[in-house]
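Here is the structure we will look at.
Positions are given from 1 along the sequence. In this text, all values refer to a predicted model and were calculated from it rather than measured experimentally.
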Amino acid sequence: MCPEAEQEVRDFVAGTEAILGTGAGALFGLARSVDALRVRTKAWMAVSEAATDKTVAELLSRPAFRRALLLATNGSTRWAWSPAHRSAEQQEGLRARLEVLWSTVSLNASLILASKTQPACVDFVRRLVRSQTLEAVSGRLADVRTELHSLADDAVAAAVAGTAAPLLQASTELLTALVSGLTVTAALTTVCLQLAAAKLPSGPPGVTAAAAAAAGGNAGPSGAEVEAAAASGAAAGGSAGPSDSAAAASACYAQELAAALRASAVVEHTCAALAALLRLWAVVRTAVSDGAPAAMPLAAFQLLSRNVDAAVCDVTATLHTLYSLQPRAVPASPLASAALLGPCASFTALAHGVAVLSAMDGEGTRGLEPSVERGFCQGLQLEAEERLRGIPTSQLPSARVELPLRDLVSFLAAQDSQLPATAPPAAKALLPYSSAIALALRAARVGVQASAEAAAGRTAEQELAALTAARLGTGPCRVLLTWRVATVLAIEALTTANNLVNTGAETDGSVDLGEEWWRLTVALAPHLRAPAGSPGSGVVQASGAAGFAAHYGRNLLDQLPGLPLLPGPLPPAPKPSFRSALAGGVLPCLERLFRRAAASQLQTGPGGGPEASPPEAQTLFAFKQRYGDSWRWLAPLLAWGDARRRRRWWLEDMAARAGGQQAAGAAPGPGGGGAGALLPAERQLLEMLAAAVAAWLPPLFRGVWARYGLGTVGASALLCGLHVLPLLACADAKLGAPSSGVAAAGSAAAATGAAARVRASSAGAATAGQTSGGGGWLAGLSPVRFVGVALKPQVAETIMQLTAGSHLQLYLIPLAEACCAVAAALPEEVAKGGGAGPAWEPSQLRSLGAECRARGDAAAAEAVEALAAQLVRWAHGSGPRGGRGGARASAASGAQALAARFGAWFPGLEAAAALLPASPAAARACLGGCSNPACANLEGDSDAALPLRACAGCGGAASYCSRECQTAHWRSGHRKACRGGAGGGGGGARRSS
């Protein structure tokens, strides 16, 4: 330390003897020496926090200095007083004692804050806590509260008598000292809590376990017992290292602080004193504003106003720190139960949050006392004034703006906690659930609106006007909320509202969050990306935005109700919870997220992992990870979603993200009925999934070929293809061979089974692509080759290992169905194979039949064994019963015999296939939008909003979003269908209505 600092330390040590005297002069001298050290510490920290950390730790290690500081603290905090009519000399003596008291407490807080990473700091604070400093300070806060109430009563009586000015002038210095005391006490409590919070994660497992055992209260081991346990562990394993000793000391300190918080109720006393201060401050402001400028000099009034604001901010910081240590945040901490707020602290958090919320949205304060509202809101006016004066804003959370709102949300979140029996009654529930939910949604509205305003930006004139209105209290104060603060507030408030609604409810998706909750959640989605030029946007872009996006996907979007689809009809209507989600706009929200994520991928390319992806992609990644079974939320969206938004690209992307789903076999419904018996939702679901199959099946098959050519097995893609091939083969056989015996009947149950198979095929695809040619469902897929790969022994062995425990449903039955259905649909291709015999080995089919029979499916075994026998007959040029004939006639007759037995082998399969659209082109036509199958236009937030131009050549049967799409479709096959001639890409286009 420099010589000046050393001299200040010596003066302080020497001056502590005056603490035992009563002379006001000596006490003021001690207060000045204490203040000099405090100011010195702050100056050191402004230069170098790391150097200050070590310097203050060295200072606290000096026995003489530590003894003097503890003596000054213990002596000054044990002076008690009561309101009385004092002489001028008595008033001066009380003010001198208060100066020493608050200066000493403030010095303690500054030293702890400056050296909280050093063991010497922990040792000093433990001495401070064990000397019952918090208990003593609580007693002085009780005196402060009584004094403030007495001054307020006298001021009210004096105002009635018209003598308020002399009273306030005489009490100005005492009032300033009282307010300062409240401020520094809150600051000391906060730094003690922050020190304990910073030390909690560290320590060896034994110490951590001991600390966790003490979390419930006094039943756990004491600090001395934890130290003894750590010492005995060190004795058993060798000498304890410095880190072990520091960890043991930190664990002991956390327990000692928890006990002191419970015994002293210092937070309750602080909040009670703040309530008294706000009452008196309202009287002072009224006296000054009611035409009595002589009531208090302007400079004194401004200083007192700043001190009141500092007191409110410091108390707010204390409450915020306590909320971060509550059981829901740090369940294993000894401080968890001690951090629960009592009635005064809970009311302070609630009142402050509601007052600030009212200033943000202009709504009411739910009956809050006007004096309390004005006292809490004056900080907003000061904040606006500082911004108008160009004072730089701090990067730390604002105790005037951010912390009150977040503390309000934390208070509301605590309403659904399962708190310990030792918790104060007021900590368990101060509001009915309905009121808590309404407040949470109100906070979310403010956050969403402020986030949108910050993202849109303001001109210099708009900023000036908004800040001026906030300073005068004539307009909303949302201008004080930055994008980051507003987004955090909205996410936390929506999460809290969701938790409150779901408290004690079933987790089956039946809880209705309400249309407003979903509307706010959807409105927040466009603002997960920090706007350019926003304060701290560089930091947020690098770290915070990823957290926002992940939390949004994991904790908000994941509330989308699911629907496990079983073989059988769909419900006649969606659940109310899902109707609320649709009404709130979840469908366009998901569409926007997918479009933005895909557009960013196209611009930057894949790679870098989820963390390097744009916020929209991170949101979807977190949503998919949290939800797991994507089909549960995808199915109801496709079935009941707005048909105007069921556009191609979005459907395909979501279908691909429904990967990993394995379909069960289609079961026949309780009754018959044709396609007309389907419910509208069932019909829409079938159309959507058929379109997904048309889009994704070709690239999925290409992926299987590519991986097989490299010697690997694309298990997921292979299984998906096997599940859907039987349906497509049945559909083609039905259209191409009417006499084949394929039934045309259908039912709602069969449609649901078809949907299950179709969504399995659309899942897991890793690449995009479209087939633009005409023909049936199997055109361009090479299904015979695909089934041949699935029958290979090495492939079968790999799939059997991956589907352990579910071989029959996931692999064997779908493979058996695919073999028989493809053989019936493409008998000539199966019969002649590569020219040297059938495409598949009969021995492979017999092995498949044996596996099915061994696992109890005699029908599937009989089917593939009959197919194996037919392959042998085809190999010898025989018909179905051994008769001779040409190769084509032999194949056709064998196929007819196989198809005739489909209903017995695989009930429900043919009926489900009959419900599919006639071809991939017909399935894609159900979606509408751009007619180019390969369209990848990601402009805007919605495919439905893209302007379309109708093809003039074919009378509007085809429409395109761009000239490029029209040309591409013309070249890929539309030329044959269009009546516009051979040139010009279909004879031009006209805008579609």
Side-chain angles (χ1 to χ4, degrees), residues 278 281-282 285 305-306 308-313 315-317 320 348-366 368-409 411 439-490 492-493 520 523-524 527 531 534-536:
L278 294 179
W281 178 237
R285 291 183 61 173
S305 176
R306 295 286 176 179
V308 171
D309 174 59
V312 172
C313 289
V315 173
T316 302
H320 188 72
T348 301
L350 176 61
H352 195 180
V354 169
V356 174
L357 195 62
S358 177
M360 294 291 170
D361 61 9
E363 297 183 19
T365 58
R366 304 177 67 90
L368 190 64
E369 177 68 30
S371 62
V372 176
E373 178 188 359
R374 288 193 298 269
F376 280 134
C377 288
Q378 81 159 4
L380 300 176
Q381 298 171 354
L382 292 174
E383 182 83 8
E385 180 181 344
E386 290 177 359
R387 294 194 188 184
L388 285 171
R389 291 164 54 192
I391 298 177
T393 57
S394 172
Q395 295 298 318
L396 297 176
S398 170
R400 294 169 173 167
V401 183
E402 176 180 359
L403 296 190
L405 293 172
R406 295 185 64 187
D407 287 351
L408 172 64
V409 174
F411 166 81
L439 269 179
L441 290 176
R442 182 178 170 187
R445 284 196 299 271
V446 168
V448 169
Q449 188 172 359
S451 179
E453 292 171 353
R458 297 181 178 89
T459 64
E461 293 77 9
Q462 291 172 335
E463 184 87 3
L464 177 62
L467 287 174
T468 302
R471 182 180 67 84
L472 298 176
T474 58
C477 299
R478 287 189 301 273
V479 66
L480 303 178
L481 291 173
T482 63
W483 167 84
R484 182 193 65 81
V485 172
T487 304
V488 169
L489 172 65
E492 290 182 349
L520 292 172
L524 183 61
H527 309 301
S534 63

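- For the atom pair CD (E453) and CZ (R458), the distance works out to 5.0 Å, reported to the nearest 0.5 Å.
- Side-chain contact between C477 and M360 is present, with at least one heavy-atom pair separated by less than 4.5 Å.
- The pair R400-E383 meets the salt-bridge criterion, with a side-chain N (NZ, NE, NH1 or NH2) lying under 4.0 Å from an Asp/Glu carboxylate O.
- Remark: side-chain polar atoms of S451 are not paired, donor with acceptor, to backbone N or O of G447 under 3.5 angstrom.
- Atom CZ of R374 sits about 7.0 Å away from atom CZ of R285, to the nearest 0.5 Å.
- A443 and L357 make their closest contact through CA-CD1, 3.8 Å (heavy atoms, listed as atom of the first residue, atom of the second, distance).
- With sequence neighbours excluded, the residues that form a side-chain contact (heavy atoms from CB on, under 4.5 Å) with A311 are V179, L182, T183, L277.
- If you check the side chains of H527 and T487, you find no donor sitting under 3.5 Å from an acceptor.
- Atom CD in Q462 sits 12.0 Å away from atom CG in L467 (nearest 0.5 Å).
- Here the CD atom belonging to Q381 is positioned 10.5 Å from the CG atom belonging to D309, to the nearest 0.5 angstrom.
- Side-chain contact between L382 and R306 is present, with at least one heavy-atom pair separated by less than 4.5 Å.
- Between T348 and T316, the closest side-chain pair of non-hydrogen atoms is not below 4.5 Å.
- Minimum heavy-atom separation, A486 to A450: CB-CB, 3.7 Å.
- Side-chain atoms of R387 come within 3.5 Å of backbone atoms of L480 as a donor-acceptor pair (strictly under, hydrogens ignored).
- Residues D407 and L350 are not in side-chain contact: their nearest non-hydrogen atoms beyond the backbone lie 4.5 Å or more apart.
- For the atom pair L408 CG and L489 CG, the distance stands at 8.5 Å (nearest 0.5 Å).
- When all heavy atoms of S371 and A282 are compared, the closest pair comes out as CB-CB, 3.3 Å.
- A distance-only check finds a donor-acceptor pair linking the side chain of Q378 to the backbone of S305 [under 3.5 Å].
- In this structure, L524 and L520 have side chains that are not in contact, with every pair of non-hydrogen atoms separated by 4.5 Å or more.
- When all heavy atoms of V356 and V401 are compared, the pair lying nearest together is CG1-O, 4.2 Å.
- In this structure, E386 CD and R471 CZ are separated by 12.5 Å, a value rounded to the nearest 0.5 Å.
- In this structure E373 satisfies the side-chain contact (heavy atoms from CB on, under 4.5 Å) test together with A355, S358, T365, L368, C377, sequence neighbours excluded.
- Partners of V485 according to the side-chain contact (heavy atoms from CB on, under 4.5 Å) rule, which considers only residues two or more places apart in sequence or in another chain, are E402, L481, T482.
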